[in-house]
Protein chains: 2
Amino acid sequence: MAANRRPTLADVAREVGVSAKTVSRVLNEDGPASAQTREQVLAAVAKLGFQPNLMARNIRVGGPDTTIGLVIPDLGNPFFGAVARAIEDTVRERGLTLLMGSSADDPDRERALTDKFLARRVSILMIVPSVGADHSHLKSHRAAGLPVVFLDRPGVGLSTDSIVSSNRAGAHDGVAHLIAHGHRRIGFIGDLPVKLYTRRERLAGYRTALQEADLPYDRALVTNAHDQQGAVTATSQLLGLADPATALFAGNNIVALGIVAELARSKRKDIAVVAFDDVPLAEALEPALTVVAQDPEEIGRTAAATALARLDGDRSRARTITVPTRLIVRGSGEHPAPALQEG
Amino acid sequence: MAANRRPTLADVAREVGVSAKTVSRVLNEDGPASAQTREQVLAAVAKLGFQPNLMARNIRVGGPDTTIGLVIPDLGNPFFGAVARAIEDTVRERGLTLLMGSSADDPDRERALTDKFLARRVSILMIVPSVGADHSHLKSHRAAGLPVVFLDRPGVGLSTDSIVSSNRAGAHDGVAHLIAHGHRRIGFIGDLPVKLYTRRERLAGYRTALQEADLPYDRALVTNAHDQQGAVTATSQLLGLADPATALFAGNNIVALGIVAELARSKRKDIAVVAFDDVPLAEALEPALTVVAQDPEEIGRTAAATALARLDGDRSRARTITVPTRLIVRGSGEHPAPALQEG
DNA sequence: TTGAAAGCGCTAACAG
DNA sequence: CTGTTAGCGCTTTCAA
């Protein structure tokens, strides 16, 4: 069974005995058409199962394609899934479709994806920048009117809109919560790589909170993990120090899973925990997990709205929009520090 | 600042003083080209920031576009995120890019998306079919050689490849596990709508397990929920029956979250639970949550591999491939039924 | 109200 | 090794 050719405008026109342009007119509701021809054309379209070739149309019209290119680190990460959903919800009514790819936080893969998207003449480009990626090659595109938005982290080498969480303030609030409950030995388990923007910002918030409380910054309390298992290891390491941590701050959702899993395994209910980014079932844990919740929906919505405004001609300065985080106190951060019992 | 035109092949050709075809040859490594011209061309390409227009290329070449259309119910659902990731990983080396959209389980939105994808001449179409959707309009496309794959659920009106979980066997095993621990009053909280394929299959597995143990099927024990809050309500309802459930089977991951949350809130540690589909932190709960785990990665990989084989000319009969589930015993299903204490 | 011709950016087919 | 011509499927422009 040979892959027979899809019907074209010309096929429909021939079927009706009319010119291709007339068919085009009917389908695009461009120009006039007699009720009679319109009906005949629509009938032929249905009969042949004709679907206009969007690529051909786009070529001729010359404008950008009705797609939006989205580069994220990992399609399977629920955080980015939520962001993508919000973007789609926002752009759908404008008729834009999502072209997605994951970079695995690899600058080369990120570049390959953006190049592909550019070759497809996307209407909008949204990128979660990988560490080490440079974006100066996008300057000319942005100058030519292509909206480019960075998500979750700022990009390098290109001045454009960025939508990020309030990482620093959020981490500060989470750590301050632990300090308020008497903790002085607070472990920090962050993202990898250590140069990652979100990790740096959250660590900065951690340090600020310590400073405000006149607590020393002890490098031995700061570590990192790039997956759940790594967070398990980091947890037992921090609890095994000569002067161990009495509380832990999780730098992201994956780390949070590792910390909680390890504390559950080792039955260390005495350790206070605050996590950056919410996780499912946080309320069902014992104690329920206190988190600094991000708002991925708001990040996605804002990114989409910003890009659409640019598409509509907004030529104002590039902005960095910070989406607030919210401390959700559920219990795990309120376990008092044992050392404070100074009877 | 006007949106100035992107450079074309002709622009590059003019810059070098050579024909458009020569530039095309160099870029596509088609036909011969002197080292000299090659260099000049590449230099001009870099200088102008030329990127070939993939749509124009596709039109001329006539084949399908190097995209794969993927329709899922919800971009934010981690299960489908994992499926999408596996698909992307499998097709990436073939140079295919993901075109994604969410249907919200609405047949009309599903149809609008597939039509868009068809208009873009995708190489492959993958669909998680919505309840009530009909797919006979895809017959001609499939006959013309377009690989169409249904994910998670079979489609209606079209005979083509489907990749599904072993819903029935998995649910059976989970319920049998509860029965083996003495439970006779096992509540079932399923998906909505009730006609959803996965719900029907899982309920069938539940019934089979009951039958095998000569337990009656009590409709009062079967309910449903379409979100976490609904599952909370359903849980308290099943536990409030005159002859209440002593164990619960969750029909999906969202329901599992609701059940666990409600049992934690009401401190009902005496209730045994098994959930269909794994959830994060299942091990950290008390008791740890026993689940019938699906394998979204394998579903995605299999779907992609099947579609690629079709693309390579496999014309064998449409297959339904069942990806096994796996019972992961963690404790929550082993709580003994109180009624069984018969001195 | 309709059609013919030209052309979008690219490549196939054939020259040279 | 390189160029010319034609044409992919569609829309724009102009004319009827």
Side-chain angles (χ1 to χ4, degrees), chain A residues 3-42 44-45 48-66 115-116 118-123 144, chain B residues 3-42 44-45 48-66 115-116 118-123 144:
Chain A
N4 42 22
R5 209 173 46 80
R6 305 274 315 263
T8 75
L9 255 198
D11 295 328
V12 179
R14 200 171 310 120
E15 176 86 12
V16 184
V18 76
S19 84
K21 176 62 212 179
T22 300
V23 178
S24 166
R25 265 197 274 261
V26 170
L27 293 180
N28 296 309
E29 293 178 348
D30 170 41
S34 78
Q36 157 115 349
T37 12
R38 154 173 276 101
E39 251 176 72
Q40 289 181 310
V41 165
L42 293 178
V45 163
L48 298 181
F50 169 76
Q51 253 157 337
N53 186 322
L54 232 56
M55 294 187 289
R57 175 176 217 289
N58 255 293
I59 294 248
R60 180 64 251 232
V61 173
D65 189 19
T66 56
D115 282 350
K116 256 193 193 167
L118 291 170
R120 291 184 174 282
R121 304 297 189 260
V122 293
S123 291
Chain B
N4 42 22
R5 208 174 46 81
R6 306 273 315 263
T8 77
L9 254 199
D11 294 328
V12 178
R14 200 171 310 120
E15 176 87 10
V16 184
V18 76
S19 84
K21 178 65 209 181
T22 299
V23 178
S24 166
R25 265 197 274 261
V26 170
L27 293 180
N28 296 308
E29 291 178 349
D30 169 42
S34 78
Q36 158 114 350
T37 10
R38 154 174 277 100
E39 252 176 70
Q40 290 182 310
V41 166
L42 293 178
V45 164
L48 298 181
F50 169 76
Q51 253 157 338
N53 186 323
L54 230 57
M55 294 186 289
R57 175 178 216 287
N58 255 293
I59 293 253
R60 179 64 252 231
V61 174
D65 188 19
T66 56
D115 281 350
K116 257 194 193 167
L118 291 171
R120 290 184 175 283
R121 305 297 189 260
V122 293
S123 292

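The structure displayed is predicted, hence computed values, not measured ones. Values reported hereafter were calculated over all heavy atoms of this structure, with side chains retained and with hydrogens, waters and symmetry mates removed. Chain naming here is simple, since letters A, B, ... match the order of the sequence lines and numbering starts at 1 in each.
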Tell me the interatomic distance from [X], atom [atom1], to [N], atom [atom2], rounded to whole angstroms.
X: B:Asn58; N: C:dG9; atom1: CG; atom2: C1'; answer: 12 Å
X: A:Asp11; N: D:dG9; atom1: CG; atom2: P; answer: 8 Å
X: A:Asp65; N: D:dG9; atom1: CG; atom2: P; answer: 18 Å
X: B:Arg121; N: D:dC10; atom1: CZ; atom2: P; answer: 7 Å
X: A:Met55; N: C:dT11; atom1: CE; atom2: P; answer: 13 Å
X: A:Ile59; N: C:dT11; atom1: CD1; atom2: C1'; answer: 12 Å
X: A:Arg60; N: C:dG7; atom1: CZ; atom2: P; answer: 9 Å

Tell me which nucleotide among D:dG3, C:dT11, D:dC10 gets nearest to the side chain of B:Ser19.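 Side chain of B:Ser19 sits closest to D:dG3.
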
Ignoring the backbone of A:Asn53, work out which of D:dG9, D:dA6, D:dC1 is nearest its side chain.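 My answer, after comparing the listed nucleotides, is D:dG9.
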
May I ask you to test the A:Asn53-A:Arg6 pair for a side-chain heavy-atom distance under 4.5 Å?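 A side-chain contact under 4.5 Å is absent here.
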
Do B:Leu42 and B:Leu27 have side-chain heavy atoms sitting under 4.5 Å apart?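 Yes - at least one pair of side-chain heavy atoms lies under 4.5 Å apart.
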
Close approaches to DNA chain C from residues 21-35 of chain B, in residue order (heavy atom, under 4.0 Å):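 Nucleic-acid contacts, sorted: B:Lys21, B:Ser24, B:Asn28.
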
Please determine whether side-chain contact (heavy atoms from CB on, under 4.5 Å) holds for the pair B:Thr66 and A:Lys116, giving the CA-CA distance in whole Å, both sets of side-chain angles, and the decisive distance to 0.1 Å. CA-CA 10 Å; B:Thr66 56; A:Lys116 256 193 193 167; 5.9 Å; no

Assess the residue pair B:Asp30 and B:Lys21 against the criterion (side-chain contact (heavy atoms from CB on, under 4.5 Å)); give the C-alpha distance rounded to whole Å, side-chain angles, the decisive distance to 0.1 Å, and a yes or no. CA-CA 10 Å; B:Asp30 169 42; B:Lys21 178 65 209 181; 3.7 Å; yes

Is any side-chain N or O of B:Thr8 closer than 4.0 Å to OP1 or OP2 of C:dC8?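 Checking C:dC8 against B:Thr8, no side-chain N or O comes under 4.0 Å of OP1 or OP2.
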
Under 3.5 Å side-chain donor-acceptor pair for A:Arg57 and A:Ser24: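 Looking only at side-chain atoms, A:Ser24 and A:Arg57 do not form any donor-acceptor pair under 3.5 Å.
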
Considering heavy-atom distances to DNA chain C, does B:Leu9 or A:Arg38 have its closest nucleotide positioned more toward the 5' end?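 Residue closer to the 5' terminus by nearest nucleotide: A:Arg38.
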
